[in-house]
Amino acid sequence: MYSLNREHDLIRMTTPLNYDRTISVGISDMRVSNRVGDVLITYALGSCVGVAMYDAIARVGGMVHCMLPLSKADPVKAMESPCMFVDTGIPMLFNALRNLGASKENLVVKVAGCAEILSDNGLFKIGERNYTIVRKILWKNNILINGEHVGGNSSRTMLVDIATGRVIVRTSGEEVVI
Amino acid sequence: MTYRDLIRKSIKGLPAISPVVSDIAKLMNRPDVSIEKIVKIIEYDPGMTANILRMANSPYFGGAQNINSIRQAIVRLGTKRLFDLAVLSAVYGIIDRPINGYNLPPGELWHHSVAVAIISRKLADHIGLVDPDTVFTAGLLHDIGKVVIARFVEEEFLKIDALSDKTGLSFEEAEKEVLGVDHAEVGSELLNAWDFPPRIVMAVRFHHAPQDLDRSIPEVDIVHIADMLSLIMGIGPGRDGLRYKLSTSIDKKYFLSRLALENIASNALDDMQNLGEFFPANGGI
C-alpha cells in the first residue's frame with residue numbers, strides 16, 4: 001500500500017500522546033485497532049479525505065484515507081482497492097469496526113482533508129466532491145460528523161489515539177484537536 | 001548581492017549530475033546516435049549499469065523480459081527509455097534528500113517527482129501528441145530547482161507565505177516576487193547547464209505557467225497537469241501546500257475529462273509502487 005514514511009511529524013507533535021505503536025494508514029488504505037497504545041496516522045491528505053471513527057464504549061477506532069469520491073471512476077480498481085474511493089471506503093471502515101464490536105449508536109466521526117489547489121477551473125474539485133460524498137453517505141446512515149478540519153489549500157496529517165479516541169490534525173505548523 | 005545572484009552562484013557551485021547522464025543527454029539531441037556509443041558510456045559506470053538493469057526488468061518497465069545487458073536494454077526498450085532509466089538512477093541521490101525550505105522530509109520530493117513522471121507518461125498516452133519518454137523525464141526533473149532554492153525559501157519563508165496569503169498569489173509567484181526567481185526557472189537553468197534536451201528544459205521552466213509561452217507546448221502542459229494532480233493526491237505537498245493554480249482552459253485544449261483524470265490518478269499508485277521498490281532507502285513507496 002502506498003504510504004509515506006514521515007515519522008518525524010509525530011515527533012514534532014506538541015499534544016501529549018501516550019502511545020507505544022504507530023500504525024501508518026497509506027493512500028487508499030484503512031486501519032482499525034482496539035489496542036490501547038496504538039496511534040493511527042495518515043500523512044499528506046491533499047484533496048484526499050481522512051475519516052476517523054471511534055466507539056468509546058467498545059474502545060475501538062479506525063481510519064480510512066480515500067483519494068477519490070466515487071468508485072464509478074474506476075470500478076475495476078474499486079474491487080481490488082475499495083478504500084481508494086469514498087463511497088466504497090467508508091462502508092469498509094464501518095464494517096471492520098463493527099466486526100471489532102463497535103456499534104453505530106456510539107460512533108464518533110471526524111473528517112479531515114479535502115483541500116484544493118488555488119484555482120482549478122472546476123476541472124478536479126476532488127476535495128469538495130470528496131467532502132460532499134462523505135456527508136451524503138454518513139447522512140444516509142444517520143451518522144453525524146462530530147468534528148472536522150477540511151478545505152483550504154494546505155495538506156494535513158491526521159492521527160487517532162486509540163486509548164482516548166482523540167483525533168489530531170497537523171497542518172502548516174499548526175496542530176488542532178478536532 | 002541579490003538573491004537572484006546568490007541563487008545563480010549556487011547553481012554553478014552544485015556538483016554536476018552524473019557525467020554519464022550529461023553525455024547521453026548530449027547524444028539525445030542528435031539524430032545519428034549509435035547504440036554502441038551509448039552502451040560504452042553507461043557501462044563506464046557500474047553502479048548505474050546495475051541500477052538500469054534492475055529497473056529494466058521491473059514490472060513498470062515491461063518486466064520479466066530477462067534483460068541482462070545494457071545493449072539488450074536499448075534494443076528492447078529503445079534509447080529514449082534507457083535515457084529515462086539513466087536519469088532515474090542519477091537523480092535519485094539528488095532529490096531524495098530532505099528539502100528544508102519546503103518542509104519536505106527525506107524521500108518526499110523523490111516520491112512527488114516519480115509520481116509526476118508516471119502521471120505525465122499516462123497523460124501523454126491518453127492525449128497523444130507527445131513522446132511519453134520525454135514527459136516522463138521532464139516530470140521527474142520538474143522540481144529539481146527546489147533543491148537549489150530551498151535554503152533561500154527557508155530564509156524568506158514568512159515573507160513568501162504572507163505575500164501569497166494576502167494577495168492570492170500562488171506559492172511560486174510569491175517566491176519569484178520575493179527572491180527574484182522561482183524554483184521552475186532555477187531548475188531549467190540547472191538542466192541547461194547539464195545539457196538536457198530543450199523540450200525537457202522548457203517543460204521544467206514553464207511547469208507552473210504554461211500560459212506564459214507564446215505558443216503552447218504540449219510537453220509543458222502535460223507536466224503542469226501532472227504536477228497539479230499529484231499535489232491533489234497528496235503526494236509531495238510541503239509547506240507550500242496546494243497553493244498552485246491550474247492554467248486556464250488547459251483541460252479544454254486536450255478534451256480532458258474529470259473521469260479520465262481520476263482514472264489516471266487511480267492507476268498511478270500501482271505504478272509508483274512498482275517503481276518505488278527499486279529505491280527502498282527511505283522505507284520504499
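No experiment lies behind these values; they were computed from the predicted model shown. Reminder, nothing fancy here: chain letters follow the sequence lines and each chain counts from 1. Every heavy atom of this structure was used, including side-chain atoms; hydrogens, water molecules and symmetry mates were not.
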Taking all non-hydrogen atoms of both residues, which atom of [X] and which atom of [Y] are closest, and how far apart?
X: B:P237; Y: A:S155; value: CG-CB, 3.6 Å
X: A:L118; Y: B:K245; value: CB-CG, 3.8 Å
X: A:I27; Y: B:M233; value: CD1-O, 3.7 Å
X: B:L242; Y: A:S47; value: CD2-OG, 4.0 Å

Residues which pass ring pair (Phe, Tyr, Trp, His ring centres under 6.0 Å) with A:H65, listed by chain and number, not counting sequence neighbours =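 Listed in chain order: nothing, the list is empty.
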
Residue by residue, which of residues 84-108 of chain A have a heavy atom closer than 4.5 Å to a heavy atom belonging to chain B?
->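 Within residues 84-108 of chain A, near chain B: A:M84, A:F85.
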
I'd like to know whether [atom1] of [X] has more than 12 heavy-atom contacts from other residues, nucleotides or ligands below 6.0 angstrom.
X: B:K253; atom1: NZ; result: yes
X: B:L129; atom1: CG; result: yes
X: A:R135; atom1: CZ; result: no

Measuring from atom [atom1] of [X] to atom [atom2] of [Y], what distance do you get when rounded to the nearest 0.5 angstrom?
X: B:I232; Y: A:I117; atom1: CD1; atom2: CD1; answer: 4.5 Å
X: A:F124; Y: B:L256; atom1: CZ; atom2: CG; answer: 8.0 Å
X: B:I250; Y: A:N121; atom1: CD1; atom2: CG; answer: 9.0 Å

If you tally heavy-atom pairs under 4.5 Å against chain B, which of A:D74, A:L70, A:T171 wins?
->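 That would be A:D74.
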
Could you look at [X] and say if it's the side chain, the backbone, both or neither that has a heavy atom under 4.5 Å from chain B?
X: A:L123; result: both
X: A:S119; result: both
X: A:L68; result: side chain

Measure B:D161 against the heavy atoms of chain A and call it side chain, backbone, both or neither at under 4.5 Å.
->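 For B:D161, there is no contact with chain A at all, as no heavy atom is under 4.5 Å.
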
Can you say whether B:R239 sits under 4.5 Å from chain A via the side chain, the backbone, both, or neither, judging by heavy atoms?
->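 Contact with chain A involves no heavy atom of B:R239 at all.
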
State, yes or no, whether a side-chain contact exists between A:M67 and B:L269 at a heavy-atom distance under 4.5 Å.
->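 They are in side-chain contact.
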
Does the side chain of B:N267 reach to within under 4.5 Å of the side chain of A:K77, using non-hydrogen atoms?
->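 B:N267 vs A:K77: side chains touch.
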
Among pairs that include at least one residue of residues 217-257 of chain B, which meet ring pair (Phe, Tyr, Trp, His ring centres under 6.0 Å), considering only residues two or more places apart or in two chains?
->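 Passing the test, one end in residues 217-257 of chain B: B:H208-B:Y244.
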
When only heavy atoms count and the cut-off is under 4.5 Å, which of residues 257-265 of chain B reach chain A?
->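 Interface residues of residues 257-265 of chain B: B:R258, B:L259, B:L261, B:E262, B:N263, B:A265.
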
